Structures are given as C-alpha cells and as structure tokens.
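Data first, discussion second: the structure below is written as structure tokens.
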Amino acid sequence: MQLFFNPDITTETKQITFDKEESRHIVRVLRKKEGDILHITNGAGFLFSVSITIANDKRCLTTVVNYQEKPNNRNYYLHVAIAPTKNNDRLEWFLEKATEIGIDEITPIICDNSERKIIKIERLNKIVQSAMKQSLQFTLPKLNNPIKLSEFLKQDFTAEQLFIAHCEENIEKKLLKNSTDKNANYTILIGPEGDFSSKEIEKCLNLNFQPISLGQNRLRTETAGLNVVQTIGFMHQ
C-alpha cells in the first residue's frame, strides 16, 4: 500500500487536493488515473481511502470514499529527549529508525557538551513523516522544537518513569530492561557525544530521573537512542 500524509484531513473532509509535487508523483510516477484508490493518513490515527476524480499532474483532486480509525494500540508512551548529534545525518537516521520501530514523542535537547545547537526542524519533520508512511503507521510521532536541557527540566513530568542514560562510572546504574515497569509512560534522556555534564546529571537525579545503563559498550548518541526504543518495544511485545 502506498500511503500519503495530510495533517489537515478530518472525518468531515469530503474532497482532498494534492499539491503540485505529490500530484506529479501520483500521475507521472505511480501512473494513477481517474477512479483509482489512494490511501492517506492524517497522522492522528486515521486511514482515509480516496478516489481520484481529476488525475492532473499539477492538481490531483480526490473524493473521500471511507475512513477507518487505526490507533497505534501501544500500551505505553515513549518520549525520548536526545541531544542533536554533531553529524546531522546521524540524528536523521535515529528519527527514521525510531519512527519505524515505534516512538511517541521526541525532543532535541541542547546540553552543556552539545556540539550541534542549531537544527532544521522542518527537515526533521519530513524525515519522521516519511518514516511513518514507509512503515505504514497512522499516528505521527510528536517532534518538539529544540530546547535547552535546563529549560526542558523545568516542566512538570507526567510520565511514571523518568530515566537518564549517561556514562559516568561512579554512579550506580541498572540496565534499562531491569528498571522499567510494563504499560507505563517513559521519558528517557540521551546525551551528546561528550555525555551529560556532571552538573546536568546531578540535577536530573535530584528530579528523580533514574540512572540507567544500556549495556557494557559505550554507544554513540543515535545508537543509544535506538537501543532505548528497541528495548522498550521488545518489552511490550
């Protein structure tokens, strides 16, 4: 199934017009014509089936035939706050793979040791949208704007379990898989290449973040992030 994304569709929508880029893709590349059925999600757990009424490569017009509600059915909520990597490709890789496996919310956090402090959120949103479509999911993970860790920590956390993955050896840590309760909401912090600073770790521990280990090997930031997503996902299978 070829899945398209349009965040503006609601259950009240009757007709949908694709923009020039997608219209060209539908008509020229996919060779769709009048009467053919396309599938669209609004990223809010709905799948819409639409019929092409005008197959124009500059303005493809469709009519909604039916829709279904398709929630992700995960019995947990996973929010990963991760420091942007120095190499932007690595962050994009994490976003793509995390979305494919299953994640609910992502926040880029700027830390004391962050080497990259500016990111293009619009491009990252496109990466997440593309991964959602490719993996045939119907709920778009929430990608927040970058925020300093100090500001991020000022919020009132509603997650039952708060974790921080760091590399300092003088603090006792349990493996993530041995620390989590099933069917819970998780907020997990992943630091930059230079790790969280000692001051940041202390502040997180004072806010009841539990220190966790992701194994014996030292992992890159994006690998640590994906490790978290996979571990939580496997625990709920």
Side-chain angles (χ1 to χ4, degrees), residues 72-85 90-91 94-95 97-99 101-114 116-117 119 121 124 128 139-237:
N72 63 34
N73 291 324
R74 283 197 293 274
N75 53 3
Y76 64 92
Y77 188 95
L78 176 58
H79 180 184
V80 173
I82 186 169
T85 52
R90 296 185 184 277
L91 177 62
F94 164 74
L95 292 173
K97 302 311 175 188
T99 300
I101 294 170
I103 191 170
D104 299 286
E105 188 172 356
I106 305 155
T107 301
I109 49 172
I110 310 303
C111 305
D112 290 343
N113 294 327
S114 291
R116 176 178 289 275
K117 300 186 177 181
I119 63 174
I121 197 70
L124 297 185
V128 173
T139 301
L140 183 70
K142 182 181 181 183
L143 178 60
N144 298 313
N145 288 321
I147 185 173
K148 289 183 178 180
L149 177 61
S150 57
E151 293 299 315
F152 180 82
L153 294 175
K154 290 179 180 179
Q155 66 182 286
D156 294 324
F157 292 99
T158 57
E160 292 95 343
Q161 293 202 280
L162 306 173
F163 298 109
I164 176 171
H166 65 81
C167 299
E168 282 203 8
E169 297 179 356
N170 60 342
I171 298 175
E172 184 179 353
K173 293 170 281 191
K174 293 172 61 177
L175 285 170
L176 174 61
K177 66 178 183 178
N178 297 332
S179 305
T180 53
D181 300 325
K182 278 196 172 183
N183 309 330
N185 294 343
Y186 314 99
T187 296
I188 304 179
L189 307 180
I190 306 293
E193 284 91 340
D195 199 11
F196 294 106
S197 67
S198 297
K199 183 185 296 185
E200 289 173 330
I201 294 172
E202 181 181 3
K203 186 170 185 178
C204 289
L205 297 182
N206 289 337
L207 291 171
N208 297 318
F209 279 82
Q210 300 177 55
I212 54 168
S213 168
L214 302 178
Q216 294 183 349
N217 298 340
R218 176 164 290 196
L219 306 177
R220 291 181 182 272
T221 295
E222 71 278 8
T223 310
L226 194 61
N227 181 301
V228 162
V229 177
Q230 288 179 312
T231 299
I232 298 296
F234 285 148
M235 289 179 57
H236 291 81
Q237 287 183 349

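Quantities reported herein were computed from a predicted structural model and do not represent experimental measurements. These numbers come from the heavy atoms of this one structure, side chains and all, not from hydrogens, waters or symmetry mates.
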Distance in Å, [X] [atom1] paired with [Y] [atom2], rounded so as to fall on 0.5 Å steps:
| X | Y | atom1 | atom2 | result |
| --- | --- | --- | --- | --- |
| Leu91 | Ile82 | CG | CD1 | 6.5 Å |
| Asn183 | Arg74 | CG | CZ | 13.0 Å |
| Gln230 | Leu214 | CD | CG | 11.0 Å |
| Glu160 | Asn185 | CD | CG | 4.5 Å |
| Ile164 | Asn208 | CD1 | CG | 12.5 Å |
| Cys204 | Leu189 | SG | CG | 5.0 Å |

Given 3.5 Å as the limit, does a donor-acceptor pair link the side chain of [X] with the main chain of [Y], or not?
| X | Y | result |
| --- | --- | --- |
| Asn113 | Asp195 | yes |
| Lys173 | Glu168 | yes |
| Gln161 | Asp181 | yes |
| Lys182 | Met235 | yes |
| Thr223 | Leu219 | no |
| Arg116 | Thr85 | yes |

*Are Phe163 and His79 close enough that their ring centers fall under 6.0 Å?*
no

*Compute the centroid of each ring, for Phe196 and then for Phe209, and state whether the two points are separated by less than 6.0 Å.*
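No: the rings miss the under 6.0 Å criterion.
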
Kindly indicate whether the side chain of [X], heavy atoms from C-beta on, has any atom under 4.5 Å from the side chain of [Y].
| X | Y | result |
| --- | --- | --- |
| Ile119 | Leu124 | yes |
| Arg90 | Arg220 | yes |
| Ile106 | Asn144 | no |

*Show your working on salt bridge (charged side-chain N to carboxylate O under 4.0 Å, His left out) between Glu202 and Lys199 and close with a plain yes or no.*
CA-CA 5 Å; Glu202 181 181 3; Lys199 183 185 296 185; over 6 Å; no

*asked:* Check Asp104 with Lys142, please: is the shortest side-chain N to carboxylate O separation under 4.0 Å?
replied: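 Salt bridge flag = no for Asp104 with Lys142.
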
_Taking the basic N atoms (NZ, or NE/NH1/NH2) and the acidic carboxylate oxygens, is any pair closer than 4.0 Å for Glu200 and Lys203?_
no

_Heavy-atom count check: over 12 atoms from other residues, nucleotides or ligands less than 6.0 Å from Gln155 CD?_
yes

*Using a cut-off of 6.0 Å, state whether more than 12 heavy atoms not belonging to Asn170 lie near its atom CG.*
yes

Tell me the closest heavy-atom pair linking [X] and [Y], and the distance in Å.
| X | Y | value |
| --- | --- | --- |
| Pro84 | Ile109 | CD-O, 3.2 Å |
| Gly102 | Val229 | O-CG1, 3.5 Å |
| Tyr76 | Ile232 | CE1-CG2, 3.5 Å |
| Ile190 | Thr221 | CG2-O, 3.6 Å |
| Thr107 | Asn145 | CG2-O, 4.2 Å |
| Thr139 | Asn72 | OG1-N, 4.0 Å |

*List the steps, then state whether side-chain contact (heavy atoms from CB on, under 4.5 Å) holds for His166 with Ile171.*
CA-CA 9 Å; His166 65 81; Ile171 298 175; 3.9 Å; yes

_side-chain contact (heavy atoms from CB on, under 4.5 Å) between Leu78 and Glu105, intermediate numbers included_ = CA-CA 6 Å; Leu78 176 58; Glu105 188 172 356; over 6 Å; no

*asked:* side-chain contact (heavy atoms from CB on, under 4.5 Å), that's the test. Do Thr187 and Phe152 meet it? Break it down for me.
replied: CA-CA 11 Å; Thr187 296; Phe152 180 82; 4.2 Å; yes

_In terms of relative ring orientation, are His236 and Tyr186 parallel, tilted or perpendicular, with 30° and 60° separating the classes?_
perpendicular

*Given side-chain contact (heavy atoms from CB on, under 4.5 Å), test Ile147 with Ile110 step by step and report yes or no.*
CA-CA 6 Å; Ile147 185 173; Ile110 310 303; over 6 Å; no

